[in-house]
Visitor: 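Got a structure here, written out as C-alpha cells. Questions coming.
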Amino acid sequence: MTSAYAIGKQFHAALSTRDWDALRALLHDDATWTLPGDNTVSGVAVGADAVTERARTIAGYGLNFELLHILVSRENVALSLHNTARHDDAVLDEYLSSVCRLRDGRIAAIETFLSDVPGMNAFFR
C-alpha cells in the first residue's frame with residue numbers, strides 16, 4: 001500500500017505538472033473535493049472526473065502550486081501550499097491546506113481550507 005506521504009507528493013506533482021491522468025489515477029471513482037467561497041471553483045465536486053476537471057480549471061488560471069509541507073496523520077495526508085497567480089487584472093496570493101482523506105491507498109475526499117476566501121472569490125470570479 002502506498003504511504004500517505006507518497007500520495008501527497010504524487011498529488012502535488014500531478015497538479016504542478018498538469019498531469020491529469022496521474023491525478024485521476026490517485027482518486028476513487030466517488031471522490032469529492034470541497035472548496036469554500038462563492039466563485040467558479042467553489043462548492044463540492046463529486047466524482048473523480050469532476051475533481052480532475054476542477055483541478056484542470058484551477059490550473060488553467062496559471063496557478064503556481066508552491067508546496068510548503070506535506071503533513072500526515074495516521075490515515076490521511078494534508079498539503080500546505082502557497083498558491084500564486086496573475087490572470088487578467090486579478091492577482092492571487094493565498095495560503096491553503098488541502099486535506100486528503102484516504103481509503104485503500106487512494107484519495108476519497110479532499111477538503112481545502114483557505115487563508116483568503118474573498119481574494120479567491122475575486123480571482124476566480
Side-chain angles (χ1 to χ4, degrees):
M1 182 182 293
T2 306
S3 74
Y5 185 87
I7 292 170
K9 281 196 69 88
Q10 292 167 8
F11 181 72
H12 178 258
L15 280 175
S16 296
T17 63
R18 279 65 168 162
D19 186 343
W20 310 126
D21 291 334
L23 179 70
R24 174 62 178 84
L26 292 171
L27 304 169
H28 278 280
D29 288 340
D30 63 346
T32 61
W33 188 357
T34 305
L35 276 166
D38 185 21
N39 59 71
T40 59
V41 297
S42 293
V44 182
V46 178
D49 292 337
V51 169
T52 303
E53 185 57 33
R54 172 172 282 167
R56 183 188 306 262
T57 300
I58 291 169
Y61 282 78
L63 266 68
N64 173 43
F65 304 100
E66 179 189 358
L67 180 63
L68 302 176
H69 301 284
I70 296 176
L71 309 161
V72 295
S73 70
R74 183 174 176 97
E75 298 173 355
N76 301 299
V77 63
L79 281 73
S80 173
L81 300 172
H82 179 211
N83 288 353
T84 55
R86 291 184 181 275
H87 181 76
D88 296 332
D89 62 341
V91 176
L92 182 72
D93 186 353
E94 68 182 358
Y95 292 88
L96 63 99
S97 180
S98 286
V99 177
C100 301
R101 302 205 191 292
L102 306 179
R103 184 176 74 231
D104 301 324
R106 291 178 35 209
I107 299 170
I110 305 165
E111 183 174 8
T112 298
F113 299 80
L114 298 173
S115 65
D116 182 10
V117 175
M120 180 193 176
N121 287 338
F123 187 80
F124 288 105
R125 306 180 245 261

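If you read the sequence from its start, that first residue is 1, and numbering goes on from there.
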Visitor: Please go through F113's hydrophobic cluster and name the other residues, only I, L, V, M, F, W, Y counting, with side-chain heavy atoms under 4.5 Å joining them.
Guide: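 Direct or chained contacts put F113 with V99.
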Visitor: Roughly how far apart are L114 CG and L96 CG, rounded to 0.5 Å?
Guide: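 Going from CG on L114 over to CG on L96, the span is 6.0 Å.
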Visitor: More than 12 foreign heavy atoms under 6.0 Å from CG of D93: is that the case here?
Guide: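 Yes.
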Visitor: Quick check for you: to the nearest 0.5 Å, what is the distance between L67 atom CG and H12 atom NE2?
Guide: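 Answer for the CG-NE2 pair, L67 versus H12, is 4.5 Å.
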Visitor: For the residue pair D49 and T52, confirm or rule out a side-chain donor-acceptor distance under 3.5 Å.
Guide: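 No donor-acceptor contact under 3.5 Å links the two side chains.
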Visitor: Can you tell me if R101 has over 12 outside heavy atoms packed within less than 6.0 Å of its CZ?
Guide: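 Atom CZ in R101 is not packed in, count stays at 12 or less.
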Visitor: Using only heavy-atom distances, determine whether the side chains of N64 and H82 contain a donor-acceptor pair under 3.5 Å.
Guide: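 No pair is found: no donor N or O on one side chain lies under 3.5 Å from an acceptor on the other.
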Visitor: Are S97 and S80 linked by a side-chain donor-acceptor pair shorter than 3.5 Å?
Guide: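 S97 vs S80: no donor-acceptor pair found between side chains.
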Visitor: Return the minimal non-hydrogen interatomic distance between I110 and L27, and the atom names on each side.
Guide: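 That closest heavy-atom pairing would be CD1-CD2, 4.5 Å.
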Visitor: If we only count heavy atoms from C-beta on, is the F124 to L92 side-chain gap below 4.5 Å?
Guide: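 Sidechains of L92 and F124: in contact.
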Visitor: Is any NZ, NE, NH1 or NH2 atom of the basic residue among R24 and D29 found under 4.0 Å from an Asp or Glu carboxylate oxygen of the other?
Guide: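 Salt bridge: yes.
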Visitor: Within a radius of less than 6.0 Å around CZ of R86, do more than 12 heavy atoms belonging to other residues, nucleotides or ligands occur?
Guide: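 No, because the 6.0 Å sphere around CZ of R86 holds 12 heavy atoms or fewer from other groups.
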Visitor: Go through it in stages, so that I can follow the logic: the residues are R103 and D30, the test is salt bridge (Lys or Arg N to Asp or Glu O under 4.0 Å), and I'd like the CA-CA distance, side-chain angles, deciding distance and then a yes or no.
Guide: CA-CA 11 Å; R103 184 176 74 231; D30 63 346; 2.8 Å; yes
Visitor: So do the side chains of N83 and F123 get within less than 4.5 Å of each other, counting heavy atoms only?
Guide: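 Contact flag for N83/F123 side chains = no.
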